[in-house]
Amino acid sequence: MENRTHTCGELRSQQKDNQVVLCGWVDSRRDHGSLIFINMRDIYGITQIVFDPAENEKTYASARELKPEYVIKVTGKVRHRPDGMVNPEMATGEIEVIAQEYSILNRAETTPFPIIDNVDASEELRFRYRYLDLRRPELQKNMIVRHKTSQIVRQYLTGQDFLEIETPYLMRSTPEGARDYLVPSRMQKGKFYALPQSPQTYKQILMIAGYDRYFQIVKCFRDEDLRAERQPEFTQIDIEMSFVSEQDVFNIAEGLMKQIFKDLLDLELKTPFPVLSYDDALNTYGSDKPDLRFGMKIKDVSKIVAESEFKVFSTTVKNSGIIAGLNLKGKADYSRKQIDGLNNFVLQLGGKGVLFAKVRTDGWDSSIKKFLTEKMMNEINHIMESEPGDLLILIAGDRKKTMELLGSLRSKLGKDENLIGENEFRPCWVTEFPLLEYDEEQDRYIAMHHPFTSPNEGNTELFESDPGAIKARAYDLVLNGYEVAGGSIRNHNYETQMKVFDLLKINAEEAKEKFGFLLDGLKYGAPPHGGIAFGYDRLVMILAGENSIRNVIAFPKTTSALSLMDNSPAEVDAKQLEELGISISDFRIRNGRNNTFLRNER
RNA sequence: GGGGUCGUGGUGCAGCUUGGUUAGCACAUCGGCCUGUCAAGCCGAAGGUCGCGGGUUCGAGUCCCGUCGGCCCCGCCA
């Protein structure tokens with residue numbers, strides 16, 4: 001077999017008159033009867049091949065058999081395209097290859113969807129034929145971005161003296177946090193490993209072992225429900241450092257981000273990134289992952305309307321709730337339908353309703369106008385910076401809930417109203433998270449970040465008086481409304497760690513049973529340490545300009561955690577279960593389900 | 001666990017509100033014509049268990065119930 005001399009993406013007019021051999025897929029065919037054009041594609045690009053009877057009568061005559069996705073090898077000569085025929089849209093558009101001969105390396109049936117960008121196929125179909133989906137230039141580009149990102153991460157962190165160390169995928173199941181994926185043990189029947197939700201305990205152990213700076217690009221597993229930005233198995237850039245405070249971790253994370261954006265997008269991220277406290281983020285943007293690409297900040301008008309005749313306002317303030325709102329600039333022309341749409345959006349999120357005011361030159365147009373004094377409306381206009389033509393959106397209720405509702409509304413409006421600039425990246429740190437949050441269901445405090453997070457220094461007196469007010473030495477890195485990284489300074493002191501467990505109602509015995517190895521480690525000279533973990537898929541998604549992480553993962557699962565290509569999960573042989581000492585109650589009959597068989601029939 | 005939305009030739013959609021001849025359109029496919037296309041063009045043809053199951057009805061793509069699957073969201077995700 002004659003060897004490939006060039007890829008389909010590299011020929012330019014410099015190679016004019018070169019004899020070349022190209023291999024690739026037939027991308028498209030334009031048959032003019034006595035002249036055939038074929039676009040030939042590989043991962044590197046597309047090159048136009050011409051079949052002309054004047055060049056080789058026999059080759060031209062048989063070339064009509066070539067169909068999309070046939071794998072072919074073409075031998076021919078590079079030539080500059082005739083005047084006016086250069087295609088500036090194509091990287092190789094100034095040349096074409098005039099075919100002397102070709103061979104078909106493999107034929108292809110008509111594909112279920114065309115192998116093109118912006119394909120009009122359902123995700124269901126794309127997942128079932130993922131090998132075809134991945135052949136599309138769009139996804140190939142995403143996989144390249146993903147690869148490059150990992151190379152930059154390894155290079156950058158290695159340059160900062162980090163060691164890449166692998167940690168086990170088979171570990172013990174630990175309480176707290178997400179639901180574990182379990183792996184039954186054959187040798188220890190009735191016992192299970194868990195797949196790691198993150199290598200948290202291992203990386204702390206590595207710090208105790210004196211490795212100083214660790215990183216790993218590592219798969220993590222969480223058996224929770226999926227979202228556009230959540231998969232059951234996902235990848236983290238996991239980082240841990242000894243003898244550090246928050247600022248040291250920030251510096252590394254910022255340096256890494258800077259490097260990635262520079263190398264990949266040729267963009268200079270300004271450092272240091274702005275820092276917001278959790279409270280500020282919530283009170284200004286209604287979210288602990290604020291999108292800073294646009295303004296429309298939330299304004300609290302509680303004080304202004306506390307004494308109003310509108311019962312909803314006055315009782316809300318009396319019950320220590322708030323009235324707050326957004327100013328949607330220049331949208332006083334919103335129709336009834338659009339306003340109802342916003343109201344329904346909030347109702348769906350569990351809100352009680354939204355109040356609107358259209359600001360006109362002669363005052364407000366609003367259902368609540370009659371309850372408010374002129375002075376109140378003026379003050380609201382002032383604080384919300386409203387002008388005639390604006391639409392004010394107000395919500396009343398419990399502080400946290402109201403802020404969150406406005407935050408959701410804000411991000412929805414930011415997208416719907418195109419308030420977000422193209423190619424804009426606005427990272428920030430969110431800090432001073434609460435250490436704990438109260439879980440009504442379990443009637444106890446649970447760790448907001450994770451149970452190894454260090455409480456803020458100087459918060460010790462709150463342990464007794466008001467645990468909910470303790471701040472954590474935790475931080476999130478937020479980019480364009482996505483949490484792209486999160487971490488904390490850990491407890492390296494045994495006593496402090498036990499105090500936190502105490503707050504979490506994990507008694508000494510249970511702590512010893514579940515985390516004994518780490519707790520023991522803390523007693524043998526654990527250095528102060530802390531770290532951070534990046535959501536690698538999310539980061540690549542943002543870098544690739546995608547809005548679903550499924551487009552930057554080669555083989556993702558659907559929102560019901562199925563793999564449509566290989567039909568997993570699937571039943572296993574009785575023999576396999578027997579070896580594991582596992583018996584299955586017949587849930588399929590009980591639930592009237594038989595989907596596995598139906599799907600296999602396709 | 002809950003809410004929303006979608007499922008119709010290979011693909012993307014229309015038809016469903018108000019049940020009634022032969023399920024319509026575009027792209028792809030197949031055949032023919034065509035020497036400069038790059039979303040090629042023109043002419044013609046073939047291609048449908050309307051996701052699956054049940055019910056109502058003389059009659060169901062259309063109405064009802066259930067179920068499976070895709071996507072989005074709430075809960076959940078330390």
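Every chain is numbered from 1 and lettered A, B, ... according to where its sequence line falls, protein lines coming before strand lines. Treat the numbers as computed from the prediction; the structure is a model and nothing was measured.
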Open item on the list: Please classify the nucleic acid contact of A:A228 as base, sugar-phosphate, or nothing, using heavy-atom distances under 4.0 Å.
Closed with: sugar-phosphate
Taking for A:E123 and for A:P53 the nucleotide of RNA chain B with the nearest heavy atom, the one nearer the 5' end belongs to A:P53
With sugar-phosphate taken as primed atoms, P, OP1 and OP2 and all else as base, the protein-contact string of nucleotides 7-16 of chain B at under 4.0 Å (heavy atoms; B, S, -) is ---SSS----
Sorted by chain and residue number, the side-chain hydrogen bond (donor to acceptor under 3.5 Å, both in side chains) partners of A:Y102 (sequence neighbours excluded) come out as A:S62, A:E65
Expected list for residues 196-205 of chain A near RNA chain B, using heavy atoms below 4.0 Å, is A:S198, A:Q200
When both distances are under 3.5 Å in a Watson-Crick or G-U wobble arrangement, the nucleotide paired with B:G7 is B:C68
Check: On a whole-Å scale, what distance lies between the P atoms belonging to B:G20 and B:G41?
Finding: 36 Å
From CD of A:Q442 across to C1' of B:C77 the rounded distance in Å is 14 Å
Its contact letters, B for base, S for sugar-phosphate only and - for none at protein heavy atoms under 4.0 Å, make nucleotides 38-49 of chain B read B-B---------
From CG of A:L564 across to C1' of B:C68 the rounded distance in Å is 12 Å
A:D83 CG to B:U35 P, in whole Å, measures 21 Å
Atom CG of A:L66 and atom P of B:C30 are separated, to the nearest Å, by 12 Å
Contacts of A:A91 meeting side-chain contact (heavy atoms from CB on, under 4.5 Å) (sequence neighbours excluded), chain-then-number -> A:R12
Spacing of the P atoms in B:G2 and B:G47 (rounded, Å)
44 Å
Across all chains, not counting sequence neighbours, the ring-ring contact (aromatic ring centres under 6.0 Å, His included) partners of A:H80 are none
Here the salt bridge (charged side-chain N to carboxylate O under 4.0 Å, His left out) pairs for residues 192-201 of chain A, sequence neighbours left out, are none
Review point. A:F127 near the nucleic acid: base, sugar-phosphate alone, or nothing, with a heavy-atom cut-off under 4.0 Å?
Key: sugar-phosphate
Those residues at least two apart in sequence (or on a different chain) that pass side-chain contact (heavy atoms from CB on, under 4.5 Å) with A:D502 are none
(message) Distance check, C1' atoms only: B:C64 and B:U57, in whole angstrom units.
(response) 12 Å
Exercise for the section: Please determine if A:D439 and A:R444 form a salt bridge, counting it only when a charged side-chain N lies under 4.0 Å from a carboxylate O. Expected result: no
I want to know whether A:Y169 and A:F221 have ring centres closer than 6.0 Å. yes
- Take atom C1' in B:U56 and the same atom in B:G19, then report the distance between them in whole Å. 11 Å
Q. So what does A:E96 touch, heavy atoms closer than 4.0 Å: a base, only the sugar-phosphate, or nothing?
A. base
When both distances are under 3.5 Å in a Watson-Crick or G-U wobble arrangement, the nucleotide paired with B:G48 is none
Sorted by chain and residue number, the side-chain contact (heavy atoms from CB on, under 4.5 Å) partners of A:I506 (sequence neighbours excluded) come out as A:E176, A:F501, A:L504, A:E510, A:A511
With a 3.5 Å cut-off and heavy atoms only, can you find an N or O donor on one side and an acceptor on the other between the side chain of A:R230 and the base of B:C76? yes
* Provide the distance between the two C1' atoms, one in B:G59 and one in B:A23, to the nearest whole Å. => 16 Å
Q.
By the 4.0 Å heavy-atom rule, please label A:R79 as base, sugar-phosphate, or nothing.
A. base
| field | Whether A:Y131 and A:Y129 hold their rings parallel, tilted or perpendicular, with breakpoints at 30° and 60° | value | perpendicular
Quick note, salt bridge (charged side-chain N to carboxylate O under 4.0 Å, His left out) partners involving residues 471-493 of chain A, not counting sequence neighbours, are A:E240-A:R490, A:E246-A:R473, A:D279-A:K471, A:E457-A:R473
Residues pairing under salt bridge (charged side-chain N to carboxylate O under 4.0 Å, His left out) where one sits in residues 115-126 of chain A, two or more places apart or in two chains, turn out to be A:E123-A:R550, A:R126-A:D133
If pairing means Watson-Crick or G-U wobble with both distances under 3.5 Å, then the partner of B:A23 is none
For the base of B:G75, is there a side-chain donor-acceptor partner from A:R179 under 3.5 Å away? no
Against the side chain of A:K67, the closest entry in B:C77, B:G70, B:C30 is B:C30
When the ring centroid of A:F51 is compared with that of A:Y60, is the distance short of 6.0 Å?
-> no
Here the distance between atom C1' of B:G69 and atom CZ of A:R126, to the nearest Å, is 17 Å
A:S560 has its side chain closest, among B:C30, B:G70, B:G75, to B:G70
Among the nucleotides B:G70, B:G36, B:C76, whichever has the atom closest to the side chain of A:P82 is B:G36
- Message: Using atom P in both nucleotides, what's the gap between B:G55 and B:A45 to the nearest angstrom?
- Response: 41 Å
Among the nucleotides B:G1, B:C71, B:C77, whichever has the atom closest to the side chain of A:D225 is B:G1
Query - Salt bridge flag under 4.0 Å for residues A:K557 and A:E233 - result: yes
Separation of B:G70 atom C1' from A:R128 atom CZ, nearest Å, is 10 Å
- Touch class at under 4.0 angstrom, heavy-atom based, for A:T558 against every strand present: sugar-phosphate
ask   = Checking all strands, does A:L349 fall into the base, sugar-phosphate, or nothing category for heavy-atom contacts under 4.0 angstrom?
value = sugar-phosphate
A:F433 atom CZ is separated from B:C77 atom P, nearest whole Å, by 15 Å
Sorted by chain and number, sequence neighbours left out, side-chain contact (heavy atoms from CB on, under 4.5 Å) with A:S173 holds for A:D180, A:L182, A:A194
From CD1 of A:I49 across to P of B:U35 the rounded distance in Å is 21 Å
- Inspect the contact between A:R41 and A:E69 and indicate whether a charged nitrogen and a carboxylate oxygen are less than 4.0 angstrom apart. yes
C1' spacing across the pair B:G75 / B:A14, given as an integer number of angstrom = 37 Å
Applying the 3.5 Å cut-off to both distances, the Watson-Crick or G-U partner of B:A40 turns out to be none
Please state the C1' separation for the pair B:G10 and B:G48 - nearest whole angstrom.
11 Å
